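Taking it in order: structure first as structure tokens, then the write-up.
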2 protein chains.
Amino acid sequence: MITLAEENYLKAILSISLNEGGKVSTNAIANEIGTSAASVSDMLKKLQEKKLIKYKKYKGVELSESGQNKAINILRKHRLWETFLVNKLGFNWSEVHDVAEQLEHIQSAELIDRLDIFLEHPKFDPHGEPIPTKEGEIPSTNTTPLNELQVNTKGKIMGVSLDEKDFLDYLTKLNITIGTEITLLEKISFDKSLSIKIANTKQHISNDVAKHLLIKIS
Amino acid sequence: MITLAEENYLKAILSISLNEGGKVSTNAIANEIGTSAASVSDMLKKLQEKKLIKYKKYKGVELSESGQNKAINILRKHRLWETFLVNKLGFNWSEVHDVAEQLEHIQSAELIDRLDIFLEHPKFDPHGEPIPTKEGEIPSTNTTPLNELQVNTKGKIMGVSLDEKDFLDYLTKLNITIGTEITLLEKISFDKSLSIKIANTKQHISNDVAKHLLIKIS
DNA sequence: TTATATTTTTAGAGTAGTCTAAAAATTTAT
DNA sequence: ATAAATTTTTAGACTACTCTAAAAATATAA
């Protein structure tokens, strides 16, 4: 049986490797989980023992096949629960992360199958992130972070790659949500901030915000 | 903050005192939780420390007001989740206990408020057991265990007081479910077993089964 | 009421996870 | 290529919970 702490480590390793690719460092995991590098080292030994990761001391870590399956399944559960919380219970998209972090650890394959049916097999969660299939496929989204677009490109916001309350509340304040049409007007080279147009209104956002907005060019 | 283990102890103490009344013994708790009396003794000290129980060594234990509030809230969550699983996800009433035992520990008052609304404020769970209100009231049901009825009494099954798969599956096999009309035909004094009539068919059940069937006399 | 049985508590130890401090390995910079 | 900085691991300790075995308290029965 896998423990709650182990599940959180697998999830962290998956999340980092989806963002950066390649081997994952001890410090990166410590940072993601909010613990010490020493604790991570300890845990990596246990996960290695259980064949959930491939790990050589000082050389970084990657998920084994079974570890990846488990991690993707947790991600699937997280995103299905977020969809349930927003679509069925009426939560705001900025309020669901913490509860979903608890719900994702409930152990019952039957429950998730039925939840998926109840939600009518959603492909994307309320943040536009793809929900892995039961088979472990993560549908690709064909989107580009806003900060990588060229000036004068027009597109539509398909999702956000950060699930933090402050960030999502700020987007709401900017009138940015999924489906919003957006035009990139100007890139300021000094601080990499951007001028954008939304609903015929000009706005200015930082690079930190822009890089988490996923755009489909139209 | 309250831990998962602590929640399970509070729940066990509540459950025993609802069934038997009065002080709860160390052994009864050990038995309910499936652990050793030594572990229970240890934990009682911690719960006492946190003012969740009233406890004197060797003298049994009862919940404090705050302990009782917490325990009733867990019971409320358990029964709301069971209702969700059966009414919304289509689980059978015999399949939901284990999953609800996990879900009852999710920490979010907002989640339970919204779930209650989503389910349209149910008063009873799929086993006919009353769902405590947000304020901690447990509605009384005015029912009698079948084995306490007098011979030739007619009534309707309003609920069951045991949530175990084997038991519920057996009831289903007997064509017994909530709402079923039932007549007590005969009590066998030798083994306290009962003859009953359901849908014009005579059947015979043990006292162990009968005592968990809650009847409203008609 | 004194012996016996039962229940409960204490003592000591083990596991899973966490921490800080220090040692070891690796990377970076001169 | 060696020194300095950074990263990672080890060592030792702490908390929460569990266990078995033994001691202490309580209940029961002759």
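No hydrogens, no waters, no symmetry mates; every other heavy atom, side chains included, goes into these values. Chain letters run A, B, ... following the sequence lines, proteins first, then strands; residues in each count from 1. No experiment lies behind these values; they were computed from the predicted model shown.
Contacts classified as ring pair (Phe, Tyr, Trp, His ring centres under 6.0 Å) and involving residues 109-131 of chain B (residues at least two apart or in different chains) are given here: Trp93(B)-His127(B). A side-chain hydrogen bond (donor to acceptor under 3.5 Å, both in side chains) check over residues 43-55 of chain A, counting only residues at least two apart or in different chains, returns the pairs Glu6(A)-Lys50(A).
Under the rule for a side-chain hydrogen bond (donor to acceptor under 3.5 Å, both in side chains), Asn27(B) has no partner lying at least two apart in sequence or in another chain. Under the side-chain hydrogen bond (donor to acceptor under 3.5 Å, both in side chains) criterion, Glu104(B) pairs with Lys11(B), His78(B), sequence neighbours left out. A search for ring-ring contact (aromatic ring centres under 6.0 Å, His included) contacts involving His204(A) returns nothing, not counting sequence neighbours. With sequence neighbours left out, the ring-ring contact (aromatic ring centres under 6.0 Å, His included) criterion links Phe84(A) to Trp81(A), Phe84(B). Applying the ring-ring contact (aromatic ring centres under 6.0 Å, His included) test to His212(B) and every residue at least two apart in sequence or in another chain returns Phe167(B).
Secondary-structure annotation of DNA chain D gives the stems C:1-30 with D:1-30, with a stem taken as at least 3 successive Watson-Crick or G-U pairs whose two distances both fall under 3.5 Å.
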Contact letters for nucleotides 2-18 of chain C, in which S counts primed atoms plus P, OP1 and OP2 and B counts the base, heavy atoms under 4.0 Å: -----SBBB-----SBB
